[in-house]
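Worksheet for the structure shown next.
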Amino acid sequence: MLRPLQLTDEELVDCIRGRLRHMTATDAFTELYRRHCRALLAFLVTRSNRKEVDDLAQEVWQRLWKHSKSLTNDAKPQHFRGLAFQIARRLIIDNYRRTRKIEPLPENLPCNKEILDVERRLILEECFDKLRAMDPRMATVLQIRLAGEGYDAVQSALLVTRQTAYGLYHEAMKRIQACVGTESS
Amino acid sequence: MKLLIAELPKNGAELAAWLEGHLVGLDLQALVAELSAVHGDVSQDTLEKALENRMGEVMESGLSGLSSNLLGRLLRQPTLLLELQERVIESESPYWNGLATSKEMEAAVARGERRLRTYLKQEEKPRLRVRPVIWIGVAAAAGIAGLMIWNAWSNDGGSSRPGWGWARSGALAQGGTDKEYFARLADEADEWFRNKPDSRDALAQRIREMRQGCTALLAANHRPLSPDQKTALNERCRAWDKKFAQQLEELAAGADVEKTRSEADATVEKLVRALRNSLMNA
């Protein structure tokens with residue numbers, strides 16, 4: 001007997017629709033779930049409201065199951081992950097339209113700015129503005145470090161010692177965190 | 001609200017790994033929102049341009065080969081991370097598929113699998129719609145089948161044998177070489193994975209059947225094996241049986257079904273591996 005790991009996605013779909021009998025349809029589908037669920041969750045959670053993700057993911061898997069079961073014997077199954085993301089995209093668009101009552105339906109995924117965690121961004125922007133008003137150097141050091149650059153870059157930009165650059169960054173981060181904590185509570 | 005940017009690592013290699021974790025994790029949306037708040041809406045490169053056409057390398061081996069300058073471009077234009085995530089996910093690259101994920105992700109995966117199993121159970125329930133006349137026929141056939149099963153059971157000395165594994169009728173055939181014998185035993189043990197019982201009773205029954213198999217194995221002649229191989233196999237078999245007995249006890253004491261099934265799965269996986277590898281060299 002073959003173990004699930006030895007089968008390709010296509011063979012697992014064949015087990016679901018009864019063309020192969022290496023394992024039961026539910027075992028084959030569970031294996032497909034285990035292979036692809038993490039990627040699908042990461043995709044969904046980045047593009048929808050976090051509270052709805054479990055339900056959306058479940059809906060995708062239920063549609064995939066129905067699709068796989070309904071394939072006729074001679075039909076060539078689609079690339080499984082491709083199909084999963086095609087369904088996920090459609091659901092995100094439907095969900096986006098439903099929650100925002102947008103007509104007509106957008107043909108593509110909501111643009112990047114619209115799917116961001118808006119509340120988080122607004123709070124942080126406000127805190128960042130306060131920090132800049134308090135000490136512009138702190139805002140600069142934060143921007144440099146959060147662009148992945150090291151303290152050398154901070155030293156050259158602000159003409160300060162390494163120790164000062166280090167101190168400024170930590171003080172800036174402490175203040176931002178305190179501000180965000182207050183604003184979001 | 002916990003700030004993700006506060007955890008941004010200092011050096012390039014750690015930064016690449018940190019970003020990779022977010023690309024396959026559950027917090028990318030929040031991270032992009034935070035970076036956008038700090039850097040503002042800067043003019044956007046295309047992803048290919050930002051990565052200087054090194055997309056192939058990124059798909060194959062991640063971000064660790066990128067200079068801190070290129071990583072910086074992703075941080076300063078954070079919505080590119082969303083596009084990169086989509087490319088990474090759809091690529092099915094073994095590198096990205098193999099990255100470790102967070103506890104939170106694993107919890108979401110387990111939650112989803114439980115819901116999915118419930119749904120599949122519902123979907124796979126046979127839906128019979130049969131007219132009363134047919135029911136009479138079905139009942140009669142069931143009666144005859146029942147008599148036949150009873151007869152077979154009685155002839156079997158009263159012990160019911162599972163239809164899988166080492167305890168199955170006809171398993172443990174004694175022909176062939178030692179290698180063939182071990183391979184056969186491994187294949188038969190592997191039949192454990194054909195069924196994944198969800199309920200406490202069903203799992204307990206499955207483990208009991210596995211133990212019946214262990215008993216059958218201990219009683220077998222192992223004709224294809226040398227005396228050393230026989231001793232080694234019997235020793236291991238007793239150890240496996242002890243583990244299954246422990247799992248049964250834990251189950252009866254109220255242990256979590258899923259957890260116990262994973263433990264039993266792990267025991268079977270080990271024994272199959274042992275049969276395929278080390279025992280053959282005993």
Side-chain angles (χ1 to χ4, degrees), chain A residues 1 3-4 23-27 29-30 33-43 45-47 50 53-54 57-58 61-62 65-66 69 81-82 85 112-113 115-125 127-128 139 142-143 145-151 173 176-177 180-181 183-185, chain B residues 1-3 5-6 8 10-12 15 23-30 32-41 68-69 71-76 79 82-83 85-86 88-90 92 96-97 101 105-106 108-109 111-113 115-117 119-121 123-124 187 190-191 193-196:
Chain A
M1 190 192 105
R3 295 283 306 281
M23 67 186 71
T24 66
T26 50
D27 282 349
F29 196 67
T30 308
Y33 172 85
R34 288 177 184 158
R35 283 185 194 180
H36 301 290
C37 64
R38 287 166 188 80
L40 190 72
L41 277 171
F43 180 81
V45 81
T46 309
R47 288 158 183 81
R50 193 161 188 147
V53 167
D54 279 4
Q58 202 56 215
W61 287 105
Q62 290 181 7
W65 167 259
K66 282 178 187 153
K69 283 296 264 191
R81 189 177 279 208
F85 283 94
N112 289 339
K113 274 186 210 164
I115 58 171
L116 285 181
D117 185 338
V118 179
E119 195 189 345
R120 180 178 286 260
R121 179 174 174 164
L122 289 177
I123 291 173
L124 194 56
E125 271 175 354
C127 291
F128 194 66
L142 214 55
Q143 276 185 318
R145 282 288 296 116
L146 294 179
E149 294 186 55
Y151 290 103
M173 193 52 89
I176 279 277
Q177 279 178 301
V180 164
E183 296 290 331
S184 61
S185 61
Chain B
M1 189 168 94
K2 190 183 157 202
L3 277 184
I5 49 173
L8 190 119
K10 283 178 200 159
N11 71 52
L15 177 60
L23 285 164
V24 297
L26 297 175
D27 290 321
L28 185 64
Q29 194 191 83
V32 172
E34 289 179 17
L35 289 169
S36 301
V38 172
H39 294 300
D41 290 320
S68 54
N69 182 32
L71 291 174
R73 284 186 198 169
L74 293 175
L75 293 169
R76 275 190 297 266
T79 48
L82 298 172
E83 198 183 329
Q85 185 204 44
E86 204 168 333
V88 157
I89 283 174
E90 290 192 349
E92 291 195 68
W96 289 93
N97 274 349
T101 51
M105 171 70 91
E106 291 313 310
V109 168
R111 236 177 9 248
E113 188 168 335
R115 278 180 74 175
L116 187 64
R117 278 179 184 282
Y119 169 78
L120 293 178
K121 212 181 263 179
E123 283 287 300
E124 286 293 79
D187 288 343
D190 211 28
E191 290 170 8
F193 293 101
R194 273 189 193 168
N195 186 332
K196 286 200 185 306

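Since we're looking at a predicted model, the values are computed, not measured. In what follows, chains carry the letters A, B, and so on, assigned in the order in which the sequence lines appear, proteins first and then strands, with residues in each chain numbered from 1.
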A:Leu146 and B:His39: CA distance, side-chain angles, deciding distance, side chain to side chain contact (heavy atoms under 4.5 Å, CB included) verdict: CA-CA 8 Å; A:Leu146 294 179; B:His39 294 300; 4.0 Å; yes
For chain A, the option from B:Glu106, B:Met105, B:Glu92 that forms the most heavy-atom pairs under 4.5 Å: B:Glu92
Say you draw a straight line from CG of A:Leu142 to CG of B:Leu8; how long is it, rounded to the nearest 0.5 Å? 10.0 Å
Let me confirm one number: the CG-CZ distance from B:Leu82 to A:Phe43, rounded to the nearest 0.5 Å. 10.5 Å
Only pairs of heavy atoms separated by less than 4.5 Å count here; which of [options] has the most with chain B?
options	answer
A:Gly150, A:Ala147, A:Gly148	A:Ala147
A:Phe29, A:Phe85, A:Trp65	A:Trp65
A:Lys66, A:Arg50, A:Glu125, A:Lys69	A:Arg50

For A:Arg145, is it the side chain, the backbone, both or neither that has a heavy atom under 4.5 Å from a heavy atom of chain B? both
Measure A:Gln143 against the heavy atoms of chain B and call it side chain, backbone, both or neither at under 4.5 Å. both
Heavy-atom pair with the smallest gap, counting every atom of [X] and [Y]:
X	Y	answer
B:Gly25	A:Ala42	O-CB, 3.5 Å
A:Arg121	B:Ser36	NH1-CB, 3.5 Å
B:Ala6	A:Gln177	CB-NE2, 3.4 Å

Passes side chain to side chain contact (heavy atoms under 4.5 Å, CB included), B:Lys196 versus A:Met23? Steps please. CA-CA 11 Å; B:Lys196 286 200 185 306; A:Met23 67 186 71; over 6 Å; no
Run the salt-bridge test on A:Glu149 and B:Lys10 with the 4.0 Å N-O cut-off and return the result as yes or no. no
Check ion pair A:Arg120-B:Glu34 (N to O, under 4.0 angstrom): yes
Please flag which part of [X] lies under 4.5 Å from any non-hydrogen atom of chain A: side chain, backbone, both or neither.
X	answer
B:Val24	backbone
B:Arg73	neither
B:Ile5	both
B:Lys2	backbone
B:Asn97	side chain
B:Leu35	side chain

Could you go through the side chain to side chain contact (heavy atoms under 4.5 Å, CB included) check for A:Leu41 and B:Val109 one step at a time? CA-CA 8 Å; A:Leu41 277 171; B:Val109 168; 4.0 Å; yes
Can you confirm whether [X] sits close enough to [Y] that some side-chain heavy atom of one is under 4.5 Å from a side-chain heavy atom of the other?
X	Y	value
A:Val45	B:Gln29	no
A:Gln62	B:Glu123	no
A:Arg81	B:Ile89	yes

Show the numbers, then the answer: is there a side chain to side chain donor-acceptor pair (under 3.5 Å) between B:Arg111 and A:Gln58? CA-CA 10 Å; B:Arg111 236 177 9 248; A:Gln58 202 56 215; over 6 Å; no
Taking it one step at a time, do B:Leu3 and A:Leu124 satisfy side chain to side chain contact (heavy atoms under 4.5 Å, CB included)? CA-CA 9 Å; B:Leu3 277 184; A:Leu124 194 56; 3.9 Å; yes
Stepwise side chain to side chain donor-acceptor pair (under 3.5 Å) check, B:Glu113 with A:Thr30: CA-CA 8 Å; B:Glu113 188 168 335; A:Thr30 308; 5.5 Å; no
